[in-house]
Protein chains: 2
Amino acid sequence: MKTIIDIAQAAGVAKSTVSRYLNGGSVSDETKEKIERIIKQYNYVPNTFARSLKAKKTSIIGIIVPRLDSFAVSQMLIGIDDTLRQEQYQMLLANANQETAREIEAIYEFSRQKISGLLFMAIKITDEHRQAIAQCKIPVVLIGQDDALLHSVIHDDRQAGYLLGKYVLSKGHRQIAYLGVTEQDDAVGIQRKLGFQQAFADTTDHDIRYYESGFRMDQAVVAAHHLLDQWTPSIVVAATDNIAIGVFKAALSRQIDIPTTLSITGFGDYDITEIMHPALTTVKFHYKEAGQLAATNLIQLIHGQTVAKTTISNCELIVRESVDNR
Amino acid sequence: MKTIIDIAQAAGVAKSTVSRYLNGGSVSDETKEKIERIIKQYNYVPNTFARSLKAKKTSIIGIIVPRLDSFAVSQMLIGIDDTLRQEQYQMLLANANQETAREIEAIYEFSRQKISGLLFMAIKITDEHRQAIAQCKIPVVLIGQDDALLHSVIHDDRQAGYLLGKYVLSKGHRQIAYLGVTEQDDAVGIQRKLGFQQAFADTTDHDIRYYESGFRMDQAVVAAHHLLDQWTPSIVVAATDNIAIGVFKAALSRQIDIPTTLSITGFGDYDITEIMHPALTTVKFHYKEAGQLAATNLIQLIHGQTVAKTTISNCELIVRESVDNR
DNA sequence: CTGAAAGCGCTTACAG
DNA sequence: CTGAAAGCGCTTACAG
């Protein structure tokens with residue numbers, strides 16, 4: 001491996017001059033050309049460690065995701081990658097596998113790698129998280145989850161629940177099973193549900209019953225069977241598209257016709273929901289844009305600029321075929 | 001930020017002793033305890049740059065993926081993450097977005113970051129790739145694509161095509177549309193097709209016609225319409241599940257009944273294919289395991305151990321409902 | 001515009 | 001088991 005000294009010697013200049021060339025400092029056209037040629041010839045690549053050690057900064061952004069096999073996560077990653085590339089940042093990725101301990105671990109590990117910023121898709125922010133983040137002194141932008149202190153880009157989960165609630169109401173449904181997720185997850189577990197309930201605030205002739213499922217499709221199938229064993233609603237409102245797909249699967253295996261006998265809705269507008277049969281009525285979030293926004297905000301934070309504490313990414317109701325009139 | 005000198009002073013020892021403690025060298029129990037306590041108290045985290053600069057190694061593995069919104073890629077990433085975590089490696093991720101130029105760029109950028117190994121999901125290996133890899137002197141394991149020189153973990157695409165071909169044949173289909181992808185992609189574009197053809201080697205009363213599609217579902221829809229405009233096969237054999245889903249969608253919009261009028265198959269066994277209606281007959285690849293295997297092989301390569309040049313991950317036919325008897 | 005020198009925070013032989 | 005010293009490959013004031 002060639003070092004800056006090799007280049008300097010070959011070009012007949014001091015290494016500080018080469019360094020200046022590398023960092024866009026003032027160098028005469030003549031030496032510039034000379035250095036350029038030598039670098040190309042030697043195929044010289046500066047050592048990032050030496051550079052970062054001295055300059056005390058890196059071009060690496062850490063990203064913590066709860067899982068890798070999720071449409072929402074993939075889309076957000078695409079958005080993040082998009083803007084990070086443009087700004088010449090690299091992505092260091094950690095999969096927390098939905099475990100808080102692994103999230104904390106990743107924060108410290110990232111700190112050791114001296115990332116210049118952190119993009120964090122958390123399920124729930126605890127004091128332990130706040131402490132780790134504070135200790136590492138890294139700029140952070142949360143994605144998908146709000147926090148009193150940290151910067152965040154969130155989806156309008158409340159509004160999403162409300163829009164869907166109003167729609168379900170308008171279609172005449174009154175026997176409603178809400179298949180949610182743990183309230184540990186504020187955005188998905190609480191806000192969507194609150195928005196949904198709000199849509200029914202002025203209605204009295206309805207019966208909404210609450211059930212809970214895990215995030216994975218197979219967990220949703222189990223939860224849906226459990227639900228359908230207990231009750232016969234006219235609609236199941238699932239807290240995510242993935243869970244809705246699980247309900248589809250359970251209903252199918254019970255020979256329940258969708259949507260004639262049972263209507264189903266989701267949240268998220270996953271790619272696949274469009275081609276399901278019947279196509280799923282859901283609420284679309286702009287995941288890719290949220291990822292871009294979060295990356296942009298983080299970079300501004302790194303540059304010491306001020307950024308709105310909370311950025312809200314909007315949503316829209318996508319009406320398809322899985323909800324029947326009642 | 002505290003440095004090793006702060007720790008050394010506070011503990012009343014030399015910094016080389018602290019370094020030895022950090023790296024598991026011989027230190028008396030007494031000093032060990034002292035240093036341990038101080039480190040905890042100061043919340044000291046060693047500077048990775050300084051460490052890597054001197055020790056000339058990192059714990060970072062670079063990963064280049066063609067896209068992020070793919071079931072196969074996600075699953076392989078999960079597998080990779082799995083074994084990399086256990087071995088204390090970090091993942092530096094680059095999304096090439098199916099562009100060769102971005103793949104090359106990523107290799108050089110990774111080299112600058114001094115990754116200790118590269119996991120590469122390429123579409124096609126060109127001389128430009130080989131040159132970049134050779135120049136950077138980084139251990140590499142290819143995933144999903146074979147190469148004459150580089151180490152790789154591949155799926156048994158040929159066998160997959162063969163298994164599916166034999167099945168299609170046994171179900172009586174003779175008017176077959178093979179909706180493939182570009183032959184640039186050896187594994188998906190060539191091997192699967194060759195295996196499929198091989199299954200028909202002893203048959204003469206068949207008519208297989210070849211069409212081509214992009215990898216994305218929306219591209220597959222267009223390709224499927226194009227195909228169905230031109231011909232009326234009894235089955236469409238799609239080169240990936242994603243493409244098969246596009247065919248489903250096109251058939252649905254044309255009111256063609258699946259599988260009665262048109263049978264469809266895919267490759268990959270994406271999660272979703274199980275809950276489609278009718279459920280998709282396909283060939284399952286073990287993506288997660290392939291990711292684990294590749295990561296394991298790469299680490300062995302990094303440790304200077306010898307590794308089989310090519311590791312083949314097997315496949316199995318998954319018979320479901322999308323193929324009718326003919 | 002250019003160069004000599006100090007220093008970033010570690011690790012690693014080498015003595016003792 | 002422990003410490004003093006050199007050095008990894010850069011960047012950055014500071015002179016000139």
Q: Could you tell me whether B/Ser28 contacts a base, only the sugar-phosphate backbone, or nothing, with contacts defined as non-hydrogen atoms closer than 4.0 Å?
A: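 Here B/Ser28 touches the backbone only, sparing every base.
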Q: For B/Ile60 and B/Gln90, run side chain to side chain contact (heavy atoms under 4.5 Å, CB included): C-alpha distance rounded to whole Å, both residues' side-chain angles, the deciding distance at 0.1 Å, then the answer.
A: CA-CA 5 Å; B/Ile60 298 181; B/Gln90 307 286 116; 4.2 Å; yes
Q: May I have the distance from A/Tyr21 (atom OH) to C/dT2 (atom P), rounded to whole angstrom?
A: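 Whole-Å distance recorded here is 13 Å.
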Q: Between A/Ser52 and A/Thr58, is the side chain to side chain contact (heavy atoms under 4.5 Å, CB included) condition met? List the steps.
A: CA-CA 6 Å; A/Ser52 303; A/Thr58 64; 4.0 Å; yes
Q: Decide if atom CD of B/Gln305 counts as having more than 12 heavy atoms of other residues, nucleotides or ligands within a radius under 6.0 Å.
A: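 Enclosed.
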Q: Using atom CD1 of A/Ile35 as one end and atom C1' of C/dT2 as the other, report the distance to the nearest whole Å.
A: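 These atoms are roughly 10 Å apart.
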Q: Under 4.0 Å between a side-chain N/O of B/Ser16 and OP1 or OP2 of D/dG3, yes or no?
A: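 Looking at the OP1 and OP2 atoms of D/dG3, neither is under 4.0 Å from any side-chain N or O of B/Ser16.
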Q: Under 3.5 Å for both distances, Watson-Crick or G-U wobble, that's the pair rule; now give the dot-bracket for DNA chain D, with | marking pairs to another strand and [ ] for crossing ones.
A: |||.||||||||.|||
Q: I need the full list of side-chain hydrogen bond (donor to acceptor under 3.5 Å, both in side chains) pairs touching residues 71-86 of chain A, with sequence neighbours left out, sorted by first then second residue.
A: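 Passing the test, one end in residues 71-86 of chain A: A/Asp81-B/Asn95, A/Asp81-B/Arg102, A/Asp82-A/Gln292, A/Arg85-B/Glu105.
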Q: To the nearest Å, give me how far apart CZ (A/Arg20) and P (C/dC1) are.
A: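 Taking CZ of A/Arg20 and P of C/dC1, I get 9 Å after rounding.
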Q: For A/Glu33 and C/dT2, what is the distance between atoms CD and P respectively, to the nearest whole Å?
A: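 For the pair A/Glu33 CD and C/dT2 P, the rounded distance is 12 Å.
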Q: What pairs of nitrogen or oxygen atoms, one from the protein and one from nucleotides 7-9 of chain C, lie under 3.5 Å apart?
A:
| residue | atom | partner | partner atom | Å |
| --- | --- | --- | --- | --- |
| C/dC8 | O3' | A/Lys56 | NZ | 2.9 |
| C/dG9 | OP1 | A/Lys56 | NZ | 3.2 |
| C/dG9 | N2 | B/Ala50 | O | 3.4 |

Q: If I take atom CD in residue B/Glu30 and atom P in nucleotide D/dC1, what distance separates them, rounded to the nearest angstrom?
A: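 One finds 13 Å between P of D/dC1 and CD of B/Glu30, rounded.
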Q: Could you pull out all residues at least two apart from A/Glu183 that satisfy side-chain hydrogen bond (donor to acceptor under 3.5 Å, both in side chains)?
A: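 Residues passing side-chain hydrogen bond (donor to acceptor under 3.5 Å, both in side chains) with A/Glu183: A/Lys193.
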Q: Please enumerate all residues that pass ring pair (Phe, Tyr, Trp, His ring centres under 6.0 Å) together with B/Phe71, with sequence neighbours excluded.
A: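 Partners of B/Phe71 under the ring pair (Phe, Tyr, Trp, His ring centres under 6.0 Å) test: B/Tyr270.
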Q: Can you tell me if B/Thr17 touches the phosphate of D/dG3, counting only side-chain N or O atoms and a distance under 4.0 Å to OP1 or OP2?
A: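 The answer is yes; a side-chain N or O of B/Thr17 sits under 4.0 Å from OP1 or OP2.
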Q: Could you say whether A/Lys32 or B/Ala55 is positioned toward the 5' end of DNA chain C, judged by the nucleotide with the nearest heavy atom to each?
A: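 Nearest-nucleotide comparison on DNA chain C picks A/Lys32.
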Q: Check whether any side-chain heavy atom of B/Tyr21 lies under 4.5 Å from a side-chain heavy atom of B/Thr31, and answer yes or no.
A: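 No, their side chains stay 4.5 Å or more apart.
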Q: Figure out the CG/C1' separation between B/Asn23 and D/dT2, and round it to whole Å.
A: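 Computing the B/Asn23:CG to D/dT2:C1' distance gives 16 Å.
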Q: Sort and list the pairs that fulfil salt bridge (charged side-chain N to carboxylate O under 4.0 Å, His left out) and have at least one residue in residues 115-129 of chain A, not counting sequence neighbours.
A: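 Matches after skipping sequence neighbours: A/Asp127-A/Arg130.
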Q: One pair to check against side chain to side chain contact (heavy atoms under 4.5 Å, CB included): B/Tyr108 and A/Val45. What are the steps and the verdict?
A: CA-CA 9 Å; B/Tyr108 285 112; A/Val45 177; 5.6 Å; no
Q: Does A/Thr31 reach a base, just sugar-phosphate, or nothing at all? Heavy atoms under 4.0 Å.
A: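 Since only primed, P, OP1 and OP2 atoms lie under 4.0 Å of A/Thr31, the category is sugar-phosphate.
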